[in-house]
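Quick caveat, the model's predicted, so the values are computed rather than measured. Convention: sequence-line order gives letters A, B, ...; per-chain numbering from 1.
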Amino acid sequence: MNTVRNCLKSLIGEAIRPLLKDSGAEINIELDIPKVAAHGDYASNVAMGLTRVLKRNPREIAQGIISNLRDSDSLLEKVEIAGPGFLNFFLKPEAWYGVIRDIIANPEGYGKQDLGKGARIQVEFVSANPTGPLHIGHGRGAAIGDVLANILTECGYDVQREYYINDAGNQMDTLGRSLYFRYRQELGEDVEFPENHYRGEYMRELARELIGREGKRFRNSEPAEVLPFFTDYAGRSILDGIKDDLDIFGVHFDRWFSERELHGVDSVRKTLEHLRERGFIYDSEGAVWFRSTSFGDEKDRVVIRANGASTYFAADLAYHLNKFERGFQATVDVWGADHHGYIERMRAGVQALGRGKDDLRVVLVQLVNLLRGGVPVAMSTRGGEFVTLREVLDEVGRDATRFIFLTRRTDSPLDFDLEVAKAQSNDNPVFYVQYAHARLCSIFEVARERGLEFDLATAGAETLALLRSPQEFELIKLLGEYPDMLADCARSLEPHYIPYYLHQLVSQFHSYYHDNRILGDDPALTRARLCLAAAVRNVTRNALRLLGVSAPQKM
RNA sequence: GCGCCUGUAGCUCAGUUGGAUAGAGCAACGGACUUCUAAUCCGUAGGUCACAGGUUCGAAUCCUGUCAGGCGUACCA
C-alpha cells in the first residue's frame, strides 16, 4: 500500500543502492516515529546499520544517503543527521493530506492491502473437543483466531476459517458412557458413575433432555447396543451448543471439519503409507513410528499403537495433509499453550509430507486465569466445575470480552477478572473507544441538523491545508500509520496492536475535540475539520469491525 | 531432570526485527462542563525493566548463568 511510510522507505532504498554497489547486501529499512518532535516525522537508523558493511562511520554514510535522495514527489521539508548517525526526516505538510483524501475516497477500503497477494490460507481455531461447553480459554482462542482471519483477509489473503472436530476416538466413547450413566441415574436407578468420566452438570441436563425426547426406552437395552447412539447424541448436542455459543460471540466458521470424515475415507492409513514410502515410518516394539527426529523433534512418535489403534497424532498428520490437498498454501493453527509440546512433531510432520517449514504456523494462545474479585475460579472439564464462555458473555458482554482478550499478546498469560471486566464498565477501554465513535457520529448528526453537511470528496487542497495545528498533524499521521499497523499484525500474527492503536487514536481525538470546535464559525475550517473527523471515524470503525466489536452511533 | 512461555509503575499490560529521555489504562491526588456527548479532558505522583555477568557506538530487547511462576515432557485426547 502506498502509505507515506512506504513512499519514504522506497526513497531511502533508492538512495542506498548506489552506496552498496558490489557488496550485494540486502538492507532492511526501518522507520521509527520519534517520540520527540525535534527528531522529525520519521527517523531511521539505516546508516548505523550499514557501518559494518561499508566500513565507514555512520554520519558519513548518512550524508551519502542524503545526497542521493531523489525526492521526486517532493515529500521532504528537510533531512537531518543527528546523534551517532540517525537520519531525521521532516516532511512537508502537504505530504500528509493524501491520507485524508485516501480515507474519504474509500472509507471501508482504507487499510485493505495486498500483502498476501491472494494466497489461500486457512486459519484453524477453537477446535475444542465436543465433550463439553466452551470455557473461557476457548473464548480467547476464538477471538484471536477470528480476528486473525479478519486481519489476514484485510491484508490480501484468501482466508478460510475452519473448526476441526475431534469426534473420533475413545474420549467420545467416554462421553457416550457418561451420558448413558446419567440417563439411568436420572431415571432413578442407583448406578455408580464411573471414574474419569464427564461429570459436569451439563451431562445431567443432556440426560434429562434425552428422557424428555426418547423416554425410558433405552433403560433395559444392552449397553453395547445403545452406546453408539448415546455417543452420537451427546456429541451432536454438545457441538450444537458450541455452535450457538460461538454465534453469540460473533465467531463464524466457513467449515466444520469432522475427524470422522478422515477415517471414513481411510485417510490416516493412506497418509501413513505415503510417509512410509518416503522413509519416515518404521515398525518397532509392536508399534508403528513416525521418524520426527529427522526434522529436529526430540524423539520419534508413535502413530499406531501396539493394540492396533492409531494415535491422535496420526489423525493430525492426515488432517494436515488433507488441508494441503485442498489447496491451502499455508495453515495457521491456533492452539492452547498446553499443546506447545506438540508443535515440533507437527512441524516435522508437515515437512515429511513435503511441505515447507512455514506452511504451518502455530499461534500459541496462553491460558486464561479466570478470577472473580481477585479469587481464582477453579476450572476442570471432567470435574465439571467451570464457568462457561456463555456465562461470561451473559455477565460481561460480547464487546468487552472480545476487547479484553484481544488487548494482550497471544503468548502472554491473561488474568480475566469477571468483577473487573464488569465493574470497570465505565472506564473500560472498549467503551472509551466506542464512546469516541458515538461522539463522532453525534458531530455529524449535529452538522446535518445545522445544514453544515457537504460532500467530503469535494474538499480540495486549499480546504485540507487549513488543518495545520500540531494536534491535527498528529492525528493525520496516526491515521496514515493504520495500514502499516495492520501489516504488522498480519506478519506477526498478533492482533493486539489494533486495540492499542485504537486507544491511541481515540485518545488523541478526545483531546483534540476538547481543545477545538469541529463545527465552528468559520465555514471553511469547519469543512476541513469535518474531513478529519470523518477520517478518524472511518478508521475507528474499520478497526472495530476487524475486532468484531460494535461501533455504536449513540451511547 | 529436560523443553517451551512468562517476569517492566501498587494492579492489569504495551514496548513491532537492538536505537535517542521506559509507555498506557486502572487505582491515588489536584483541577476543567453556558458550547459539537464530562462514558471526556488537563495536571501531579509512581521504575534497580526479576537478579548477575557478557556482546557494542547503544540492551527492557541478543548470549550465558541464577531465582520465581505457568505449561509441557504418553503406545492420552
Exercise for review: Examine A:Arg5 relative to A:Tyr42 and say whether NZ or CZ is less than 6.0 Å from the centre of the six-membered ring and inside a 45° cone about the ring axis.
Suggested key: no
Is there a donor-acceptor pair closer than 3.5 Å between any side-chain N or O of [X] and the backbone N or O of [Y]?
| X | Y | answer |
| --- | --- | --- |
| A:Asn166 | A:Asn129 | no |
| A:Asp300 | A:Ser292 | yes |
| A:Ser412 | A:Arg409 | no |

With a 4.0 Å cut-off on heavy atoms, is [X] in touch with a base, just the backbone sugar-phosphate, or nothing at all?
| X | result |
| --- | --- |
| A:Asn516 | base |
| A:Glu285 | base |
| A:Asn369 | nothing |
| A:Tyr513 | base |
| A:Arg450 | sugar-phosphate |
| A:Ala287 | base |
| A:His340 | base |
| A:Glu481 | nothing |

Which nucleotide in the list [options] gets nearest to the side chain of [X]?
| X | options | result |
| --- | --- | --- |
| A:Tyr312 | B:C5, B:A77, B:G72 | B:A77 |
| A:Val302 | B:U37, B:C75, B:A77 | B:C75 |
| A:His514 | B:A38, B:C41, B:C75 | B:C41 |
| A:Asp338 | B:A77, B:C71, B:U35 | B:C71 |
| A:Trp289 | B:C75, B:A38, B:C36 | B:C75 |
| A:Glu298 | B:U73, B:C42, B:U35 | B:U73 |

Protein-nucleotide distance ([X], atom [atom1]; [N], atom [atom2]), rounded to Å:
| X | N | atom1 | atom2 | value |
| --- | --- | --- | --- | --- |
| A:Gln366 | B:G69 | CD | P | 16 Å |
| A:Asn129 | B:A77 | CG | P | 10 Å |
| A:Leu367 | B:C4 | CG | P | 18 Å |

Review point. Closer to the 5' end of RNA chain B via nearest nucleotide, is it A:Asp411 or A:Gly169?
Key: A:Asp411
Review point. If you find the nucleotide of RNA chain B closest to A:Ser507 and the one closest to A:Ser310, which residue's nucleotide is nearer the 5' end?
Key: A:Ser507
Check your understanding: When you check the glycosidic angle of B:C33, does it come out syn, meaning within 90° of 0, or anti?
Key -> syn
Assess whether atom [atom1] of [X] is packed by more than 12 heavy atoms of other residues, nucleotides or ligands within 6.0 Å.
| X | atom1 | result |
| --- | --- | --- |
| A:Asp521 | CG | no |
| A:Glu449 | CD | yes |
| A:Lys357 | NZ | no |

If you compare every side-chain N and O of [X] against the phosphate oxygens of [N] (OP1, OP2), does one of them come in below 4.0 Å?
| X | N | result |
| --- | --- | --- |
| A:Lys299 | B:C75 | yes |
| A:Arg305 | B:A74 | no |
| A:Thr311 | B:C76 | no |

Point to revise | Nearest-0.5 Å distance that lies between atom OG1 in A:Thr3 and atom CG in A:Leu8 | key: 9.5 Å
**Study point:** Atom pair CG/CD of A:Asp515 and A:Gln471 - distance to nearest 0.5 Å
**Key:**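 One gets 4.5 Å once the value is rounded to the nearest 0.5 Å.
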Check your understanding: Watson-Crick or G-U wobble partner for B:U44, using a 3.5 Å limit on both distances?
Key ->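 Base-paired to B:A28.
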Revision key, fill the gap. Applying the 3.5 Å cut-off to both distances, the Watson-Crick or G-U partner of B:U61 turns out to be none
Study note, to complete from the structure: Heavy-atom contacts, protein to nucleotides 10-20 of chain B, under 4.0 Å, summarised as B (base), S (sugar-phosphate only) or - (none) per nt, yield --SSSSBB-BB
